[in-house]
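First up is the structure itself, then whatever we jot down about it.
Worth saying up front: this structure is predicted, and the values here are computed from it rather than measured. Sequential numbering from 1 along the given sequence is applied to the chain's residues.
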Amino acid sequence: MTLRGGRCLLAVPLLAALLAGCGIRATQVPTDFGPAPSRMPCALPGADVSTQAGRGIPVQVFMLCAAQLVTVDRFVRIPDGTAEARRRVLVAQGLLDQLAAKPSAPQKQAGYTTDVTGGIRVSGPRGKDPESTFRLSVRPQDLTSFALAQIVCTFADSEATATDDGTVVLGGPQDRPLRRYRCTSEVRSRPGTVTPPSTEALGA
């Protein structure tokens, strides 16, 4: 028994020497490797300076991140005393401008993008259009699926631009049938493959 115990005691430093010779450093167990690096996208570090607090009314727009729609806080400036009908159009235009704006540095680092291009104009109803109509300077069907989802969900999320049932009536510059769009959870989670459901708007 004593001989075997001595051999075991001699084997321990020998094994450590062999491991050191192979470039493997003996360590105690358990080994703490520190926290795993975070790979979670769409996480903004604190307040985003792009919100420009104090420069308008607070709004939320839907940006793209990790192939989904995510909300971003922004501000839209509306002159005091603006009539309600005109105010709706100005809010809609402000939302479009914010959607088309380039993501801030923190947003870009977190993976935020937008598919809405600059220069899109919006106007209110004309002729026999429903009062809730917004006519874009481009046809909605000509927008990318991402851009259409961003616009529909942003408008539907705003009290100033959505109808009472949360839908959005959109049309193009020409006298084409207007469509009533809805923003669904499927659209928010898969804007690239799921088109906002729509029906023809009555009264157009």
Do the side chain of [X] and the main chain of [Y] share a donor and acceptor less than 3.5 angstrom apart?
X: Q109; Y: P106; result: no
X: T163; Y: T167; result: yes
X: Q93; Y: I120; result: yes
X: R135; Y: Q174; result: yes
X: R88; Y: A160; result: yes

Would a hydrophobic clustering, with Ile, Leu, Val, Met, Phe, Trp and Tyr connected at side-chain separations under 4.5 Å, put [X] with [Y]?
X: L99; Y: L64; result: no
X: M63; Y: F146; result: no
X: V59; Y: Y112; result: yes
X: L148; Y: V72; result: yes

Distance from [X] atom [atom1] to [Y] atom [atom2], nearest 0.5 Å?
X: D129; Y: F134; atom1: CG; atom2: CZ; result: 12.0 Å
X: Q60; Y: T71; atom1: CD; atom2: OG1; result: 4.5 Å
X: D164; Y: S132; atom1: CG; atom2: OG; result: 8.5 Å
X: I57; Y: R74; atom1: CD1; atom2: CZ; result: 14.5 Å
X: L170; Y: Q141; atom1: CG; atom2: CD; result: 10.5 Å
X: L95; Y: L90; atom1: CG; atom2: CG; result: 11.0 Å

Nearest heavy-atom pair of [X] and [Y]: which atoms, and what distance?
X: P130; Y: L178; answer: CD-CD1, 3.7 Å
X: L69; Y: V187; answer: CD1-O, 4.1 Å
X: R87; Y: I78; answer: CG-CG2, 4.1 Å
X: P173; Y: R126; answer: O-NH2, 2.6 Å
X: Q98; Y: F75; answer: NE2-O, 3.4 Å
X: A110; Y: C65; answer: O-SG, 3.6 Å

Q. For S158 and V91, what are the C-alpha separation, side-chain angles and deciding distance, and is it a side-chain contact (heavy atoms from CB on, under 4.5 Å)?
A. CA-CA 9 Å; S158 170; V91 171; 4.2 Å; yes
Side-chain donor-acceptor pairs of residues 191-198 under 3.5 Å, sequence neighbours excluded:
residue	atom	partner	partner atom	Å
S198	OG	R179	NE	3.3
S198	OG	R179	NH2	3.3

(Q) I'd like to know whether CZ of R188 has more than 12 heavy-atom contacts from other residues, nucleotides or ligands below 6.0 angstrom. (A)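 Enclosed.
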**Q.** Listed once per pair and sorted, the ring-ring contact (aromatic ring centres under 6.0 Å, His included) pairs that draw on residues 174-201, sequence neighbours left out
**A.**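 ring-ring contact (aromatic ring centres under 6.0 Å, His included) check on residues 174-201 returns no pairs.
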Donor-acceptor contacts under 3.5 Å from residues 149-156 side chains, at least two apart:
residue	atom	partner	partner atom	Å
Q150	OE1	D115	N	2.8
Q150	NE2	F62	O	3.0
Q150	NE2	T114	OG1	3.0
T154	OG1	F62	N	3.0
T154	OG1	Q150	O	2.7

